[in-house]
Amino acid sequence: MKAEKFKSPFKGRSLLNWIDWKPEEISQILDWAFQVKKESHAGEVHQRFLGKTIALIFEKRSTRTRSSFETSFGEEGGHPVFMSTDDIQLGGKESVQDTARVLGRMFSAIEFRGFKQSHVEDLAKYSGIPVINGLTDDFHPTQVLADIMTLKENFGHLKGLSLCFCGDGRNNMARSLMLICSKFGINFSVFSPKELSPDNEILEICAPFAKESGATITVSDKISVVKNVDCLYTDVWVSMGEESLKEERVKLLQPYQVNKALMEATGKPETIFLHCLPAVKEQEVTEEVFESSASKVWDQAENRKHTIKAIMLALI
Ligand code: CP
Ligand code: NVA
């Protein structure tokens, strides 16, 4: 059997975060995500990963990201190999650098979900094959492509939209959304307590992208920041690896919960609700909003698969 060719100018590149990607390059991958979604819904079968292999390294748990990588790589004829830290020596007995050099001799690509951003960067540096960040403490780049796709499906365009992230403004999701929104001209705001405001480093990284695209970036602990926004977005109050902070986070973030009153405070009946999931209901979001018609979380979750397939087609 002969593998189908997929033409992409990005073959061999890694996706560690979206900092070094131009908006038009991200748009191209987004177009491919819409294409593969259409193919999938039409029941088309393709074999674009035939003869290819990907190592899926997970130091942290996952439902959507793992399922998206495994199913979309496998159904296109590729062979995904799942490795948890119970299975391999990563940064323990064997250094990340050495693991990278071994995997680089055996696989077509690597996906890494874990704690340190430096680990995913070292895997890319030393393996010589494309590496995709499936979430670190700092960034979750594949997630935000699905988020942008869901926004486009709902509003038909991206430039000029506004999205407010409510909750832990320092986490990987807030940082990644700030990046992608600032590249696409989406006005981005964070509604969070001062203690959990995004740090200056990410604000400084995003400022020139926002200037270029015409987006605004606003950080506030005032509810008025949600006025007129097209999308309220939230994420868990306690990210993986921070479990010991649960009690203080719940206290601190209570006023930042996405509930009916906050949805109404946007003043726009067409505002949608997004969440990367998994959700802790009655914490960062009420059941009422989560289950409402404004909530697009299942389309968003499905779009993880199509965007991840598009990213893999682009890079591998
Ligand atoms: N949103 C997301 O990354 O989900 P998983 O943790 O289930 O992969
Ligand atoms: N901020 C969350 C995202 C989960 C997809 C975490 O890192 O646990």
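We count ligands from 1, going down the list as the structure has it; atoms in each ligand are counted the same way. Remember, predicted model here, so these are calculated numbers, not experimental data.
- Within the structure, every pair that satisfies the salt bridge (Lys or Arg N to Asp or Glu O under 4.0 Å) test and touches residues 100-115, not counting sequence neighbours, is listed here: Asp98-Arg101.
- Defined by atom type and a distance below 3.5 Å, a donor-acceptor pair is missing between the side-chain atoms of Glu24 and Gln28.
- Cation-pi geometry between Lys60 and Phe115 is met: under 6.0 angstrom from the ring centre, within 45 degrees of the axis.
- Of all protein heavy atoms, the one lying nearest to atom 2 (C) of ligand 1 is Arg304 NH1, 3.2 Å.
- In Leu277, the part holding a heavy atom less than 4.0 Å from any atom of ligand 1 is the backbone.
- The shortest heavy-atom distance from Lys60 to ligand 1 is not under 4.0 Å.
- On a distance-only criterion, Cys276 and ligand 1 share at least one N/O pair closer than 3.5 Å.
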- Full working for side-chain contact (heavy atoms from CB on, under 4.5 Å) between Leu232 and Val289: CA-CA 11 Å; Leu232 285 186; Val289 169; over 6 Å; no

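- One finds a salt bridge joining Asp199 and Arg175 here, because a Lys/Arg side-chain nitrogen approaches an Asp/Glu carboxylate oxygen to under 4.0 Å.
- Between the side chains of Asp87 and Ser84, at least one donor N or O sits under 3.5 Å from an acceptor N or O.
- Checked by atom type, the side-chain pair Asp31/Gln35 shows no donor-acceptor distance below 3.5 Å.
- Between the side chains of Lys305 and Ser67, no donor-acceptor pair of N or O atoms lies under 3.5 Å.
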Show me a pair-per-line table, with atom names and distances to 0.1 Å, of protein N or O atoms that are under 3.5 Å from an N or O of ligand 2.
residue: ligand 2; atom: 1 (N); partner: Asn172; partner atom: OD1; Å: 2.8
residue: ligand 2; atom: 1 (N); partner: Asp235; partner atom: OD2; Å: 2.6
residue: ligand 2; atom: 1 (N); partner: Ser239; partner atom: OG; Å: 2.7
residue: ligand 2; atom: 7 (O); partner: Asn172; partner atom: ND2; Å: 2.9
residue: ligand 2; atom: 8 (O); partner: Met240; partner atom: N; Å: 2.8

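- Nearest protein heavy-atom neighbour of atom 7 (O) of ligand 1: Thr63 N, 2.6 Å.
- Side-chain N/O atoms of Asn228 and Lys268 include no donor and acceptor closer than 3.5 Å.
- For atom 6 (O) of ligand 1, the choice among Met173, Arg66, Arg64, Arg113 with the nearest heavy atom turns out to be Arg113.
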